[in-house]
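Report on the structure given below.
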Amino acid sequence: MVPVVVIVGPTATGKTHVALEIAGACRGEIINSDALQVYRGFDIGTAKPSSLERAGIRHHLVDILDPQEPYSAGQFARLARQAIEDIRSRDHLPIIVGGSGLYLRALLQGISPLPEIDPAVRRQLREDLERQGLERLYKELQKVDHLTAINLHSTDSQRVLRALEVLRSTGKPLSSWIREKPFGAHEMVSCQIGLTLPRSILYDRIAARVGAMKEQGWLTEVEQILASGVRLSDPAFQALGYRQLGSHLRGEISLDEALGETIQATRRFAKRQMTWFRKEQDITWFDALELRASVDEIMAFLLRQGYRSGNV
RNA sequence: AGGCCAGUAGCUCGAACUGGUAGAGCAUCGGUCUCCAAAACCGAGGGUUGGGGGUUCGAAUCCCUCCUGGCCUG
């Protein structure tokens, strides 16, 4: 049994800070379970821990991809398992930190062992979507993978495309892949810590943080990214705010508009995260209003769970 | 001071001509989630139509009056 600590919660609650504290106190190493902090160059807007903060503590799955490279829950799960073993071999404590519920579920509960999708298939499907429309693709799905289709909304472009790409790429419908035993879901025991804030305070904090990102030179960062040839359609540009700032740099919207939209999008994101984590059973929640006090509480809690410094 | 225009959901706006009992987007809230998830979706609540009075079977709509904002004239 491999014990790991997991820190979850909506964005802007202080997960990074808490993780660093715990890592410092318990000889921990941090595994990032966030979908966008993996991209090099996307630093300020993804709230990546600074190099100073990362100095004494080993970080995994940060800055591992170029902005053009795709990333996925399955890939995360594989890489995170490797990282956990690596950390264990040094007798350190793995601390998984991030706000993506699906990624964590893939790691902790496993996910069906689907092969990688051929990028050409994915490209073709996008074309089909543009040329034929979603309705047509959904009808196709009803024919070839009825089981998946009935569980999907015909308007859910992302999942309709996913189901079709799996079938076209593997020759087997998604629904039968899902019947396969998930990999992972294994010899891991996790202590899951959730950070939470009252909604209105969380929203204030999001606005303040976006403001702070601007002060830290976010706009320059985006400028450099674009100058280096990264395109707005590349995967890393899914990170909140980058498209908005890019749009401002092209003169389409004002800076205030770009930041306002970013704050709004971040709120929506935080709300979705809360919806996801709320129903997860194994999370122990801590109020993140006073982070210092929260850290003390969390530390005491971990001790009671049998986690101690240098002995996990 | 006089004239004109406007006031409808938290915000931006619809509801024609010819009165028929107020809708949409965004926001907010709730939810879904097997690999692009910082994504992609689904649903819900919310209005004494600026106040008051009148006409009418019936008023956001017509009339009177008051309030507020804007523009024009002096």
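Sequence lines set the chain letters: A, B, ... in the order given, protein chains first and strands last, and positions in each chain run from 1.
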Would you indicate what A/Y242 reaches in the nucleic acid, counting non-hydrogen atoms under 4.0 angstrom: base, sugar-phosphate, or nothing? nothing
B/rU28 C1' sits how many Å from A/R199 CZ, rounded? 9 Å
Could you measure between the two P atoms, the one in B/rG25 and the one in B/rC36, and give it in whole Å? 29 Å
Quick check against the 3.5 Å criterion: does A/Q273 have a side-chain atom that pairs as donor or acceptor with the backbone of A/G99? yes
Side-chain N or O of A/R267 less than 4.0 angstrom from OP1 or OP2 on B/rU28? yes
5' precedence on RNA chain B between A/P235 and A/K279 (nearest-nucleotide basis): A/K279
Expected output: side-chain A/D296 to main-chain A/A293 donor-acceptor under 3.5 Å: no
Select one nucleotide: of B/rC33, B/rA38, B/rC29, the one nearest the side-chain heavy atoms of A/S100. B/rA38
Which base, if any, makes a Watson-Crick or G-U wobble pair with B/rA40, both distances under 3.5 Å? B/rU32
Which of the following nucleotides, B/rA27, B/rC36, B/rA38, is nearest to the side chain of A/R126? B/rC36
Rounded to whole angstroms, how far apart are CD on A/Q238 and P on B/rA37? 5 Å
I want to verify a distance call: between B/rC42, B/rU34, B/rC29, whose nearest atom is closest to the A/T155 side chain? B/rC42
A/D156 has an atom CG; how far is it from atom P of B/rA37, in whole Å? 14 Å
Kindly say whether A/P49 contributes a backbone atom to a donor-acceptor pair with the side chain of A/R54 at under 3.5 angstrom? yes
Trace of the side chain to side chain donor-acceptor pair (under 3.5 Å) decision for A/Y242 with A/E221: CA-CA 9 Å; A/Y242 283 85; A/E221 180 177 297; 2.5 Å; yes
Would you classify A/Q264 as touching base, sugar-phosphate or nothing, given that sugar-phosphate means primed atoms plus P, OP1 and OP2, and contacts are heavy atoms under 4.0 Å? sugar-phosphate
Answer with base, sugar-phosphate or nothing: what part of the nucleic acid does A/F42 contact at a heavy-atom distance below 4.0 Å? nothing
In whole angstrom, give the distance that lies between atom CZ of A/R268 and atom C1' of B/rG25. 13 Å
Taking B/rC17 as the reference, what is the distance to B/rU56 when you measure between their P atoms (whole Å, please)? 22 Å
Quote, to the nearest angstrom, the P distance that separates B/rG10 from B/rG50. 13 Å
Taking atom C1' in both B/rA60 and B/rA6, what distance in whole Å separates the two? 14 Å
Testing B/rA38, B/rC42, B/rU28 for proximity to the side chain of A/D34, the answer is B/rA38
On a whole-Å scale, what distance lies between the P atoms belonging to B/rA27 and B/rG43? 15 Å
Whichever of A/Y103 and A/L134 has its nearest RNA chain B nucleotide further upstream toward 5': A/Y103
Scanning all shown strands, the Watson-Crick or wobble mate of B/rG7 with both distances under 3.5 Å is B/rC67
Between the side chains of A/D34 and A/K15, is the shortest nitrogen-to-carboxylate-oxygen separation below 4.0 Å, so that they form an ion pair? no
A/T275 has a side chain; which of B/rU32, B/rU34, B/rA40 sits nearest to it? B/rU32
Nearest-Å distance once atom P is located in both B/rG7 and B/rC26: 23 Å
Looking at the base of B/rC41, is there any donor atom on it, or on the side chain of A/R159, that sits under 3.5 Å from an acceptor on the other one? no
Could you state the CG-C1' distance from A/D234 to B/rA38, rounded to the nearest angstrom? 16 Å
Whole angstroms only, please: what is the CE-P distance between A/M213 and B/rA38? 14 Å
B/rU8 and B/rA15, which share atom name P, separated by this distance in whole Å: 14 Å
Got a second to check how far A/S100's OG is from A/L107's CG, nearest 0.5 Å? 11.0 Å
Please state whether the base of B/rA39 and the side chain of A/R272 form at least one donor-acceptor pair under 3.5 Å? yes
Check the pair A/H59 / A/N32 against side-chain contact (heavy atoms from CB on, under 4.5 Å), numbers first and verdict last. CA-CA 7 Å; A/H59 278 66; A/N32 161 248; over 6 Å; no
With heavy atoms under 4.0 Å as the rule, sort A/T266 into base, sugar-phosphate or nothing. nothing
Looking only at atom C1', what distance separates B/rA24 and B/rU68, rounded to whole Å? 27 Å
Listed nucleotide nearest any side-chain atom of A/S157, set B/rC41, B/rC36, B/rU34: B/rC41
Across every strand shown, the nucleotide meeting Watson-Crick or G-U wobble geometry with B/rG46 (both distances under 3.5 Å) is none
Checking N1-N3 plus N6-O4 or O6-N4 for Watson-Crick, or N1-O2 and O6-N3 for wobble, each under 3.5 Å, the partner of B/rG23 is B/rC13
Residues A/R162 and A/E165 bridged, charged N to O under 4.0 Å: yes
For the pair made of CZ in A/R243 and C1' in B/rC36, what is the distance, rounded to whole Å? 10 Å
Sugar-phosphate, base or nothing in reach of A/G241, heavy atoms under 4.0 Å: nothing
Atom CG of A/D204 and atom P of B/rU28 are separated, to the nearest Å, by 13 Å
